[in-house]
Protein chains: 2
Amino acid sequence: MALLSKSCVYGIRAVILMAIKGNAEFMSIKDIAEDLNLSAHFLTKILQQLTQEGLLYSHRGPKGGVKFSRPAKEIKLIEIVAAIDGLELFEECALGLHGCGTATPCPLHEKWAEHKVVLRTLFETEDLEKLAANVQDAGLRLRTLSQLDIIEFNKNKKK
Amino acid sequence: MALLSKSCVYGIRAVILMAIKGNAEFMSIKDIAEDLNLSAHFLTKILQQLTQEGLLYSHRGPKGGVKFSRPAKEIKLIEIVAAIDGLELFEECALGLHGCGTATPCPLHEKWAEHKVVLRTLFETEDLEKLAANVQDAGLRLRTLSQLDIIEFNKNKKK
DNA sequence: AGTATTGAGGACTCTTTTATCCTAAATTAA
DNA sequence: TTAATTTAGGATAAAAGAGTCCTCAATACT
């Protein structure tokens with residue numbers, strides 16, 4: 001199990017890329033998808049969820065695309081996760097027990113409840129501008145690796 | 001997204017129940033499944049993974065079933081998770097980036113790396129005996145709720 | 001007006017997860 | 001030996017997640 005769904009990860013990578021480009025204009029989803037090495041159709045669906053939540057503005061036609069509805073600095077990572085995966089991860093019982101709470105805690109309840117707060121805070125603290133800066137400082141790739149890239153990567157690792 | 005898969009949650013509930021019963025004898029999977037309100041066939045498959053990992057001994061025929069291969073106190077929660085969901089959650093990059101690491105960290109890398117250790121420690125610290133004791137102290141239910149149970153539960157909540 | 005571009009959204013496919021069902025093999029007890 | 005019980009494991013089905021493809025609607029530019 002991963003922490004986040006693939007859709008959510010793709011969405012996060014897309015908004016970080018958008019924050020890096022820091023464009024006041026609309027940016028085409030096709031371009032973003034190419035940069036990230038993702039299917040443009042699939043990414044369109046994912047970004048639609050962010051548009052519907054009001055995190056992005058979208059615009060059709062030539063010069064159309066998507067852009068942030070607020071400054072990247074003000075958009076927190078948790079908002080992206082909430083729009084795509086929902087807040088279950090930060091709110092539900094780790095053992096998935098219906099009605100687990102302070103009154104009737106599950107065996108893991110206390111420890112996990114403490115932990116959830118820390119996890120949530122992590123996602124509430126990181127904003128898109130900060131994440132974008134990290135990527136640039138580290139000269140890092142957001143791009144999804146193709147099979148060829150992975151072979152290349154493993155070659156370099158062996159050296 | 002949940003933290004753990006359903007199979008993993010069911011597996012955890014089953015071993016906690018076993019630890020509560022604290023039986024030196026083999027315990028039938030059918031009985032465990034009935035107590036937890038789960039499909040016996042499905043639970044059999046899940047517990048088979050624990051048997052294959054050497055966490056449980058299994059025995060066929062009348063008086064057969066499963067039992068712990070080591071004292072419940074010595075079995076850590078992370079071993080159950082590792083056998084069913086694997087360790088991806090505790091080892092992989094939150095953004096699922098191939099090759100994310102200290103040398104080429106992803107934007108979330110540092111924060112998540114710190115956090116993973118805490119999360120892993122939580123699962124490494126909890127043992128089945130302790131979790132079983134928690135359940136008993138709190139008089140808690142491990143049982144999966146049926147639709148009828150949920151209606152009943154919500155009724156009581158309103159009062 | 002016409003054409004190219006781009007997001008919206010529906011239909012569909014593929015894969016993985018979740019779940020059910022059936023048969024086989026091992027074991028116990030009469 | 002026979003019958004009943006119980007896990008092992010394969011076949012299959014249902015549901016959710018991931019991904020593709022096609023058409024429509026909005027828009028910009030000529």
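Throughout, a chain's letter reflects where its sequence line sits, starting with A, and its residues are numbered from 1.
Contacts between residues 42-54 of chain A and DNA chain C, defined by a heavy-atom separation under 4.0 Å, are made by A/K45, A/Q48, A/T51, A/Q52.
Taking a cutoff of 4.0 Å between a charged side-chain nitrogen and a carboxylate oxygen, B/E74 and B/R70 do not qualify as a salt bridge. Comment: B/K116 does not engage B/E92 in a salt bridge, judged by the lack of any side-chain N to carboxylate O separation of less than 4.0 angstrom. Of the charged side-chain nitrogens involved, none lies within less than 4.0 Å of a carboxylate oxygen, so that A/K76 and A/E129 do not count as a salt-bridged pair. Between A/E126 and B/K111 there is a salt bridge, since at least one side-chain N of the basic residue sits less than 4.0 Å from a carboxylate O of the acidic one.
No engagement by A/Y57 is indicated, since no non-hydrogen atom pair under 4.0 Å with the nucleic acid exists.
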Using the 3.5 Å cut-off, write out each protein N or O paired with an N or O of nucleotides 23-26 of chain D and the distance between them.
unit_1, atom_1, unit_2, atom_2, d
D/dA25, N3, A/R60, NH1, 3.2

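Within the 4.5 Å cutoff, no side-chain heavy atoms of B/Y57 are placed close to those of B/V66.
A/R13 places its CZ atom 13 Å from the P atom of D/dA18, with the value rounded to the nearest Å. Per the geometry, CG belonging to A/D85 stands 13 Å off C1' belonging to D/dA18, to the nearest Å. Per the geometry, CG belonging to A/L4 stands 14 Å off P belonging to D/dG17, to the nearest Å. Atom-to-atom, CD1 of A/I84 to P of D/dG19 comes out at 13 Å; the value is rounded to the nearest Å.
Between atom CG of residue B/D127 and atom CD1 of residue B/I78 there is a gap of 13.5 Å, rounded to the nearest 0.5 Å.
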* Asked: B/K45 and B/H41: side chain to side chain contact (heavy atoms under 4.5 Å, CB included), yes or no, with the steps?
  -> CA-CA 7 Å; B/K45 291 237 153 85; B/H41 282 107; over 6 Å; no
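Of the side-chain N and O atoms in A/S7, one or more sit less than 4.0 angstrom from OP1 or OP2 of D/dA18. Distances shorter than 4.0 Å separate some side-chain N or O of B/S58 from OP1 or OP2 on D/dA8.
Here chain A contacts DNA chain C (any atom closer than 4.0 Å to a heavy atom, that is under 4.0 Å), and the contacts span C/dA4 to C/dA11 from 5' to 3'.
Both cation-pi conditions hold for A/K67 and A/F26: the charged atom is under 6.0 angstrom from the six-membered ring centre and inside a 45 degree cone around its axis.
The backbone N or O of B/L122 lies less than 3.5 Å from no partner atom in the side chain of A/W112, so there is not a single donor-acceptor pair.
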